[in-house]
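We name chains A, B, ... by the order of the sequence lines, and we start the count at 1 in each one.
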2 protein chains.
Amino acid sequence: MPIIVVDVMPKPEILDPQGKAINGALPRLGFTQFSQVRQGKRFELTVDGEVTDEILAAARKAAEEMLSNPVIEDVVNVELVDEAGTDDEAHA
Amino acid sequence: MPIIVVDVMPKPEILDPQGKAINGALPRLGFTQFSQVRQGKRFELTVDGEVTDEILAAARKAAEEMLSNPVIEDVVNVELVDEAGTDDEAHA
């Protein structure tokens, strides 16, 4: 089933305590290759049936109005993917 | 500066209370186009200088060992982007 991915990141000027914590922990685990880490959110919206331009527009509206807080976050990406990697269900 | 994006999602068989909450709220706000919502994480790792295969491998290792919990989460994507969308600072 088609999935619309929405990516939300904290604005650059906003402090990101989770990212900072990871930033501090990485060198202790031997990862010295990265100068900065920021943590945001990824949403996967499943659509039953065909994804029309209207549905994509609705996803963009939902991303701006509900999935992100415009005071502290930016919607950096809204894109259609056919099937998310997490979709091949394991039925465990 | 180059950025490596790491996407982590809850495994399909794992309950996702945040996604469920959004799923319940969307129709109340008029968004009836989506049958399911799942919420995961997006990390942006900044690299100073060139991104070699070794650095990408380190990012994959960090994604598996530190940025995700393999019991409940899948790393669905590790990819190099030149500059993240959040980088064109708004200076609001």
### Query
Can you hop from A/V6 to A/L80 via hydrophobic side chains spaced under 4.5 Å?
yes
### Pairwise distance CD(A/E44) to CG(B/D16) - rounded to 0.5 angstrom
9.5 Å
### Message
Counting heavy-atom pairs under 4.5 Å with chain A, which one of B/L45, B/I55, B/V37 comes out on top?
### Response
B/L45
### Query
Any chain of hydrophobic side-chain contacts (each under 4.5 Å) joining B/V8 to B/I3?
no
### Task
Treat each ILVMFWY residue as a node, draw an edge where side-chain heavy atoms are under 4.5 Å apart, and state whether B/I14 and B/L67 are in one component.
no
#### Entry: Over 12 foreign heavy atoms within 6.0 Å of CD, A/Q18
no
### Message
Need one label for B/I22: side chain, backbone, both or neither, based on atoms under 4.5 Å from any heavy atom in chain A.
### Response
both
### Task
Below 4.5 Å from any heavy atom of chain A, which atoms of B/F43 appear? Answer side chain, backbone, both or neither.
both
#### Entry: Engaged part of B/E65 at the chain A interface, taking heavy atoms whose separation is under 4.5 Å
side chain
### Task
Side-chain contact test, heavy atoms from C-beta onward, threshold under 4.5 Å: evaluate it for A/F34 versus B/T46 and give yes or no.
no
### Query
Would you say A/V78 and A/M66 are hydrophobically clustered, going by side-chain heavy atoms of ILVMFWY under 4.5 Å?
yes
### Task
Of all the heavy-atom pairs spanning B/L26 and A/A62, show the shortest one and how long it is.
CD2-CB, 4.1 Å
### Summary
One option among B/N23, B/V47, B/V75 has the most heavy-atom pairs under 4.5 Å with chain A, and it is B/V47
